[in-house]
Amino acid sequence: MKEQVHLQVSGMSCQHCVKAVEDSVGALSGVEKVDVSLEQGAVDVTYDSGNVDVAEIASAIEDQGYDVAALSE
């Protein structure tokens, strides 16, 4: 089932940060689209909930060294 999640992420400060998050989240099976906003400190992800869940997406971001502060479906 196609779903979307908006994650508040702290610690991102440059285009390298954007690329790291896009690459790590985008590599997850089931992720269809990743939009990172440095200005808003946010990551919007469109994904197939049959293949990946929000916890896995948040973990991929945290593995890059950033903090996921809040979730909103």
Quiz item: According to the side chain to side chain donor-acceptor pair (under 3.5 Å) rule, which pairs have a member within residues 16-26, sequence neighbours left out?
Solution: K19-D23
Quiz prompt | Side-chain heavy atoms of L38 within contact of V18, under 4.5 Å | solution = yes
Quiz item: Given the rule in the side chain to side chain contact (heavy atoms under 4.5 Å, CB included) test, do E3 and V45 qualify, once you have shown the distances and angles that lead to the verdict?
Solution: CA-CA 8 Å; E3 295 190 39; V45 182; over 6 Å; no
Quiz item: Which atom names give the shortest non-hydrogen contact between A20 and Y66, and what distance separates them?
Solution: CB-OH, 4.4 Å
Quiz item: Tell me, do V43 and M12 make a side-chain contact under 4.5 Å, heavy atoms counted?
Solution: yes
Practice problem: Can you sort out the partners of D63 under side-chain contact (heavy atoms from CB on, under 4.5 Å), two or more places apart, ordered by chain and number? | Solution: S59
Quiz prompt | Atom pair CE/OG of M1 and S49 - distance to nearest 0.5 Å | solution = 6.5 Å
Exercise. Give the minimum heavy-atom separation between G26 and V31, together with the two atoms involved.
Key: CA-CG1, 4.2 Å
Quiz item: V25 and A60: which non-hydrogen atoms are nearest, and at how many Å?
Solution: CG2-CB, 4.3 Å
Exercise. Can you sort out the partners of S10 under side-chain hydrogen bond (donor to acceptor under 3.5 Å, both in side chains), two or more places apart, ordered by chain and number?
Key: none
Quiz prompt | Pair Y47-V54, side chain to side chain contact (heavy atoms under 4.5 Å, CB included): steps then yes or no | solution = CA-CA 9 Å; Y47 65 99; V54 174; 3.3 Å; yes
Quiz prompt | Value rounded to 0.5 Å, distance of CG in L28 from CD1 in I57 | solution = 6.5 Å
Quiz prompt | For E39, all residues meeting side-chain contact (heavy atoms from CB on, under 4.5 Å), sequence neighbours excluded | solution = S37
Self-check item: Listed partners of T46 passing side-chain contact (heavy atoms from CB on, under 4.5 Å), at least two apart
Solution: K2, Q4, E32, K33
Quiz prompt | All pairs passing salt bridge (charged side-chain N to carboxylate O under 4.0 Å, His left out) where residues 44-57 contributes a residue, at least two apart | solution = none
Quiz prompt | Minimum-distance pair of heavy atoms, taken over all atoms of Q8 and A42 | solution = OE1-CB, 3.8 Å
